[in-house]
A.B. asks: 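Pasting a structure here, questions to come.
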Number of protein chains: 2
Amino acid sequence: MQSYTEENYLKTIYHLAEKTTNVQTNAIAEQMQTKPASVTDMIKKLAEKGLVDYIKYQGVTLTEAGKNTAVDIVRKHRLWEVFLVNKLNFKWDEVHDVAEELEHIKSIELIERLDEFLGFPKADPHGDPIPDKNGRFAKTQFIKLIELKIGDSGTITGVSQHSSAFLKHLEKLGLTLGKQIQISDITDFDGSVEIKLSDKQINISREVAKHILISSNGKN
Amino acid sequence: MQSYTEENYLKTIYHLAEKTTNVQTNAIAEQMQTKPASVTDMIKKLAEKGLVDYIKYQGVTLTEAGKNTAVDIVRKHRLWEVFLVNKLNFKWDEVHDVAEELEHIKSIELIERLDEFLGFPKADPHGDPIPDKNGRFAKTQFIKLIELKIGDSGTITGVSQHSSAFLKHLEKLGLTLGKQIQISDITDFDGSVEIKLSDKQINISREVAKHILISSNGKN
DNA sequence: AAAAATTTTTAGATTTACCTAAAAATTTAA
DNA sequence: TTAAATTTTTAGGTAAATCTAAAAATTTTT
Ligand SMILES: [Mn+2]
Ligand SMILES: [Mn+2]
Ligand SMILES: [Mn+2]
Ligand SMILES: [Mn+2]
């Protein structure tokens, strides 16, 4: 049984490992809002428990056991987010912090019944995939909106930035999950992207376009 | 902001104060499954934070602030129990431990929306009253089944013992919340109670009868 | 390949929530 | 009203998770 803190470290390492092969002490520290010295302490402990492989100065990787725990926490986090949005009418930008706490509730029964209650959802309110109870989930193959060319179209199926400010901004623009979009123009001057929605035409910055994930349904 | 541990102490003191005026160190220790020395440590800390009034060797009482926190935890505990039973199909004997964790999730929004989602329930699955968001709730006026006389009738509206063993036993006997009962006899030999239910007649021990709470609807 | 910059670890403390053993206070019984 | 039993507190320590400051290792730049 892992502590709340250990679970958060494992989850952080798991997410960092999705981006970089070599997970560094400083990166973990930044993500966990703590100091590198504290991270070193914790890594040693996790290594002793067989949850990570660790070589001094070489960063960490999760062991099979460590990855299993991490994926389980991710599963709980995302299921609770679905609950908050679908059942309690939270907005997609309001759920993260509460899910951050709820993910640590220790009861297998609870999470399985919650999963069933929610209808075994496959994705959370941000489009991230929800692992099943065996930890399996499809590797989603999204394209960043910024990578699309003029004329390409697709459906918004995820975001790669979960800050409240970003999500609120998307909401205001009408860029929510499931929306059909088509690239009508890409501005030479600043690289901003002109998008055609079903009912309107909008312009978004490169920065915003970078963090919108599209499941492409046809290039031109 | 209180820690998980502080919240549990406050809740324990609150419940003990419902039974005895003077809440003793040893009683808290037993309830919290810890040692009296640890309780003394914590009491001092809570006193410093203004959550309890404390005079050495004289036991503790909650301050207004302490009582507010305690009632808030009780509210959360009971609302989560309702959620588990009504929405996730847990049995009334399976919910306590999970609610013991869930009650510490810190989000006012969460609990208010949960309350609404559940339809603002007035009682939890064990018949205990749920405080509203201002901490107010009706002092329930139950009678212990053991105190009824032959011929008295009423409705089962609560239990004063929450152990899984006891609750499972009641379930098996068909003595669940809302059931109409009438006392048909009280055995001279062992004081056991003969009860008439709508569909059958059963006999329960004094020990069981002590912990069933009845809202009486007419003595004879 | 040195020097400089960055990253990571160690050393030594702190805080929180515990513990055991022993001392002190209070309550109950003789 | 002493003596005995019980309750409560104090003293001194431990373990988990954190911190700061300084040392060590690695990487990047000149
Ligand atoms: Mn968390
Ligand atoms: Mn999410
Ligand atoms: Mn609790
Ligand atoms: Mn209850």
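Fair warning: this is a prediction, and the values are worked out from it, not measured in the lab. Quick note: numbers below take in every heavy atom, side chains included, and nothing from hydrogens, waters or symmetry partners. Below, read A as the first sequence line, B as the second, and so on, with proteins coming before strands; counting in each chain starts at 1.
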A.B. asks: Parallel, tilted or perpendicular for A/H162 and A/H96, by the 30°/60° rule?
C.D. replies: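 A/H162 and A/H96: perpendicular rings.
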A.B. asks: Taking only the side-chain heavy atoms of B/T25 (C-beta and beyond), determine which of C/dT8, D/dT9, D/dT18 contains the nearest atom.
C.D. replies: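 Of C/dT8, D/dT9, D/dT18, D/dT9 is nearest to the side chain of B/T25.
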A.B. asks: By the 4.0 Å heavy-atom rule, please label B/Y54 as base, sugar-phosphate, or nothing.
C.D. replies: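 Sugar-phosphate, no base atom in range.
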A.B. asks: Could you check, using the six-membered ring where one of them is a Trp, whether A/Y4 and B/Y4 have ring centers closer than 6.0 angstrom?
C.D. replies: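 Here the rings of B/Y4 and A/Y4 have centres that are no less than 6.0 Å from each other.
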A.B. asks: Under 4.0 Å: is that the gap between some side-chain N or O of B/N26 and OP1 or OP2 of D/dT8?
C.D. replies: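 The answer is yes; a side-chain N or O of B/N26 sits under 4.0 Å from OP1 or OP2.
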A.B. asks: Mind calculating the distance between CD (A/E6) and C1' (D/dT18) to the nearest angstrom?
C.D. replies: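 Spelled out: CD on A/E6 to C1' on D/dT18 is 14 Å.
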A.B. asks: Strictly by Watson-Crick or wobble contacts shorter than 3.5 Å, is anything paired with D/dA3, and which nucleotide is it?
C.D. replies: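 Base-paired to C/dT28.
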A.B. asks: Identify the nucleotide, in any strand shown, that forms a Watson-Crick or G-U wobble pair with D/dT30, with both distances under 3.5 Å; if there is none, say none.
C.D. replies: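 D/dT30 is paired, partner C/dA1.
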A.B. asks: B/N134 side chain to B/R136 main-chain N or O, any donor-acceptor pair under 3.5 Å?
C.D. replies: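 Side chain of B/N134 to backbone of B/R136: no pair is present.
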A.B. asks: Give one of base, sugar-phosphate or nothing for B/Y9, where a contact means two heavy atoms less than 4.0 Å apart.
C.D. replies: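 The residue B/Y9 makes sugar-phosphate contact but no base contact.
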A.B. asks: Quick one, B/H104 and B/N8 - any side-chain contact, counting heavy atoms below 4.5 Å?
C.D. replies: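 Yes, close enough: below the 4.5 Å cut-off.
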A.B. asks: Using OP1 and OP2 only, check whether a side-chain N or O of A/K35 sits under 4.0 Å from D/dT20.
C.D. replies: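 True: A/K35 side-chain N/O within range (under 4.0 Å) of D/dT20 OP1/OP2.
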A.B. asks: Under 4.0 Å from OP1 or OP2 of C/dT16: is there any side-chain N or O of B/S3 that close?
C.D. replies: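 Checking C/dT16 against B/S3, no side-chain N or O comes under 4.0 Å of OP1 or OP2.
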A.B. asks: Checking contacts here: which listed nucleotide (C/dC19, C/dT9, D/dT18) is nearest the side-chain heavy atoms of B/S38?
C.D. replies: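 Selected nucleotide: C/dC19.
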A.B. asks: If you only use heavy atoms from C-beta on, which nucleotide in D/dT18, D/dT10, D/dT8 is closest to the side chain of B/Y57?
C.D. replies: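 Looking only at side-chain atoms, B/Y57 lies closest to D/dT8.
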A.B. asks: Below the 4.0 Å mark, does C/dT10 have OP1 or OP2 next to a side-chain nitrogen or oxygen of A/K56?
C.D. replies: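 A/K56 to C/dT10 OP1/OP2: side-chain N or O found under 4.0 Å.
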A.B. asks: Can you check the B/I28 CD1 to C/dC18 P distance for me, whole Å?
C.D. replies: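 Whole-Å distance recorded here is 13 Å.
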A.B. asks: Nearest to the A/T40 side chain among C/dT8, D/dT8, C/dA21, which nucleotide is it?
C.D. replies: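 Of C/dT8, D/dT8, C/dA21, C/dT8 is nearest to the side chain of A/T40.
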